[in-house]
Amino acid sequence: MFQAPTGTRDFYPAELNRLRYVQDAWRRTSINHGFEEIDGPTFEHLDLYTVKSGDGIVSELFSFERFGGEKTFALRPEFTPTLARMYASRAASLPKPTKWFWMQNCYRAERPQRGRLREFSQWNCDIIGDDSAQADAECIACCVGALEEIGLSPNDVRIRVNNRRYVQNMLRSAGLDETVMDRGLSWLDTYHKLETDAFVKNGQAIGLDSDQAYKISVTLAALAGPNSKWPSDSMLASDAAPGREPIYEPLFKALAAHGLREWCVLDPSIARGLAYYTGMVFEVHEASGAERAIAGGGRYDKLIEMFGGPPTPAVGFGMGDVVLSLVLADKGLMPKDEEVAARLGLNPDALVISNGTPEADGAVAGVVAELRRAGLHARRSYKTTKNIGKLIQDAAKMRARYCVILESAESATVKDMGTQGQEGCGVAELAGRIARR
RNA sequence: GUGGCUGUAGCUCAGUUGGUUAGAGCACGAGAUUGUGAUUCUCGGGGUCGCGGGUUCGAGUCCCGUCAGCCACCCCA
């Protein structure tokens with residue numbers, strides 16, 4: 001027997017329905033928030049990915065050459081480079097802001113773990129051409145909208161928000177050299193997984209003196225991780241004080257305006273690993289810290305330019321299906337298989353069964369065909385039993401709206417599976433009787 | 001890529017110090033009660049015990065390798 005390749009999944013009907021359930025929430029939310037769906041190729045030139053992330057990325061990509069060809073390609077590990085490429089090539093004719101969403105599979109050649117596979121479904125939303133804090137908040141609002149749509153509450157998940165410019169200022173005033181700013185951000189990002197001593201020691205390794213590194217760890221201890229919360233009024237007031245660039249104040253004001261106050265906290269240790277984020281950054285985590293990050297994103301104002309477009313501000317986020325599904329399962333929020341199918345509109349309008357007489361048996365196929373021609377989802381039973389009770393049980397299990405019991409070639413009993421009421425009906429009137437009103 | 005733990009039916013798991021033809025529940029299918037959704041009973045299909053070697057008269061059980069899953073590192077676009 002062949003096995004599926006490492007880190008990939010087989011989707012049997014129940015599993016695929018669960019994926020669709022998640023994707024439906026993503027799509028509905030995107031559309032309600034005014035985003036338009038786009039897509040690009042599954043694979044790109046390898047260079048598209050190395051431009052942004054350097055050659056180090058190659059070992060984490062599935063790359064290949066066409067037999068006898070010269071170009072090297074790679075399966076997309078993410079969508080942002082494609083998006084930047086697509087935007088850059090039509091930038092002049094696109095509206096500002098442009099709001100795009102995308103929902104397809106990505107491929108990464110990493111070692112799989114819980115919450116991390118080599119092929120997964122990802123959802124991206126991006127607002128391009130708007131550098132305001134309102135756009136930042138609108139982006140987070142869409143992300144939260146999907147979480148809420150799928151049944152998660154502020155008790156279940158936390159949106160950890162930060163701004164790179166703020167912590168860059170903090171690092172600068174602590175004496176960090178501008179040339180190692182990237183390493184400084186990475187250092188902050190490791191705060192939550194290190195003991196204080198190790199954290200301070202690593203801070204010294206990038207050139208901070210131990211007092212300054214320790215001071216930063218004290219600041220983070222008060223504000224980050226489990227202690228992170230919505231910023232106090234006094235903190236926002238001092239952030240917006242005259243003579244300095246306000247960073248947190250406009251962001252949190254915009255988040256509040258979008259009704260996100262109970263979802264979001266300020267966590268200065270969130271820096272994100274990617275080099276290209278320039279301002280607001282955020283991550284979504286399960287509230288108690290279980291599982292990996294559910295989603296992450298931020299502002300990337302230089303990226304479009306890097307891909308050959310005009311200087312264009314942008315903000316966006318990505319969410320994968322893997323961790324989200326684990327969190328839903330952990331919390332008992334993934335409905336049962338039948339319920340998922342029903343919510344996807346996959347339950348039949350009618351199950352047609354026979355009363356067991358040869359005449360009715362012979363009429364089943366024709367009745368099913370007639371109902372389908374009328375645009376209804378009609379099924380027949382494939383069971384051989386003539387036990388009506390068992391067949392009705394079958395109808396209940398597939399959540400059919402009606403069970404049609406053929407009594408003869410012309411007449412039927414129609415049972416409403418919801419109300420349990422039933423009545424006689426001519427075969428010719430069945431489609432009209434069952435049609436959704 | 002490095003290290004650790006685990007692999008028995010579709011799922012959850014039994015399987016004695018190595019000993020005949022590897023079991024149960026659920027799920028799936030058929031039948032019984034001659035027509036109404038959670039009942040009961042009977043029967044059935046399904047496993048090269050992840051795969052390959054080795055030790056042994058004999059391996060699901062012990063040893064080695066390999067593959068896969070999980071966990072930590074790495075990375076997290």
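Each chain gets a letter, A, B and so on, in the order its sequence line appears, and its residues count up from 1.
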Side-chain donor-acceptor contact under 3.5 Å, A:Glu305 with A:Thr312: no

Touch class at under 4.0 angstrom, heavy-atom based, for A:Asp394 against every strand present: nothing

Touch class at under 4.0 angstrom, heavy-atom based, for A:Lys386 against every strand present: nothing

Listed nucleotide nearest any side-chain atom of A:Lys390, set B:rG35, B:rU40, B:rC75: B:rU40

Donor-acceptor pair (no angle test) under 3.5 Å: A:Arg116 side chain, B:rC76 base: no

Whole-angstrom distance between B:rA72 and B:rG25, as gauged at atom P: 37 Å

Charged N-O contact under 4.0 Å between A:Glu178 and A:Arg172: yes

B:rG35 base / A:Glu407 side chain donor-acceptor hit below 3.5 Å: yes

Among B:rU36, B:rG29, B:rC28, the one nearest A:Lys397 by side-chain distance: B:rC28

Base partner of B:rA30, which must satisfy Watson-Crick or wobble distances under 3.5 Å: B:rU42

Partner nucleotide, any strand, of B:rG18 [Watson-Crick/G-U, under 3.5 Å]: none

Euclidean distance for P, B:rG15 against B:rG19 (whole angstrom): 13 Å

A:Gln393 side chain, from C-beta outward: closest of B:rG37, B:rA30, B:rC75: B:rG37

Residue A:Gln113, side-chain heavy atoms: nucleotide from B:rC74, B:rG35, B:rG3 that is nearest: B:rC74

A:Leu324 CG to B:rC76 C1', straight-line distance once rounded to whole Å: 17 Å

No-hydrogen, no-angle side-chain donor-acceptor test under 3.5 Å, A:Thr29 and A:Asn32: no

Contact nearer the 5' end of RNA chain B, comparing A:Arg108 with A:Pro5: A:Pro5

Separation of B:rG37 P from A:Glu338 CD (nearest whole Å): 18 Å

Integer-rounded Å distance: B:rC28 P and A:Met398 CE: 12 Å

From B:rC73, B:rG31, B:rU36, nucleotide with atom closest to A:Ile392 side chain: B:rU36

Out of B:rU33, B:rG37, B:rC70, whichever nucleotide has its closest atom nearest the side chain of A:Asn387: B:rU33

Inter-nucleotide P distance (B:rC49, B:rA59), Å rounded: 12 Å

C1'-based separation of B:rC11 from B:rU55 [nearest Å]: 35 Å

Interatomic distance, A:Tyr12 OH vs B:rA27 C1' [rounded to whole Å]: 15 Å

Touch class at under 4.0 angstrom, heavy-atom based, for A:Ile405 against every strand present: base

Side chain of A:Thr384 (C-beta onward), nearest among B:rC74, B:rG31, B:rG35: B:rG31

Separation of the P atoms in B:rG1 and B:rG58, to the nearest angstrom: 38 Å

Close side-chain approach of A:Ser325 and A:Phe120, heavy atoms under 4.5 Å: no

Sugar-phosphate, base or nothing in reach of A:Gly7, heavy atoms under 4.0 Å: sugar-phosphate

Side chain of A:Arg292 - closest among B:rG35, B:rA32, B:rC74: B:rC74

Pairwise C1' distance for B:rA27 and B:rC13, with rounding to whole Å: 15 Å

Rounded distance in Å between the C1' positions of B:rU6 and B:rU12: 16 Å

Nearest to side-chain heavy atoms of A:Arg111, which nucleotide of B:rG4, B:rC28, B:rC76: B:rG4

Distance-only side-chain donor-acceptor flag, A:Arg160 / A:Ser228, under 3.5 Å: yes

Whole-Å P distance, B:rA22 and B:rU48: 13 Å

Atom-to-atom span, CD of A:Gln420 to C1' of B:rG35 - whole angstrom: 16 Å

Rounded distance in Å - CG (A:Asn202) to P (B:rC74): 10 Å

A:Tyr300 and A:Tyr276 aromatic ring geometry - parallel, tilted or perpendicular at 30°/60° bounds: perpendicular

Any strand: nucleotide that pairs with B:rC70 via Watson-Crick or wobble, under 3.5 Å: B:rG4

Atom-to-atom span, CD of A:Glu291 to C1' of B:rC70 - whole angstrom: 13 Å

Sugar-phosphate, base or nothing in reach of A:Asp416, heavy atoms under 4.0 Å: base

A:Asn162 side chain to A:Tyr248 side chain, donor-acceptor N/O pair below 3.5 angstrom: yes

Nucleotide opposite B:rG25 in a Watson-Crick or G-U pair, distances under 3.5 Å: B:rC11

A:Glu423 with A:Lys415: basic N within carboxylate O range, under 4.0 Å: no

Rounded distance (Å) that lies between atom C1' of B:rC76 and atom CG of A:Leu185: 16 Å

Out of B:rC75, B:rC70, B:rU36, whichever nucleotide has its closest atom nearest the side chain of A:Lys415: B:rU36

Residue closer to the 5' end of RNA chain B, A:Lys383 versus A:Gly296 (nearest nucleotide): A:Lys383

Identified pairing partner of B:rG60, criterion: Watson-Crick or G-U wobble below 3.5 Å: none

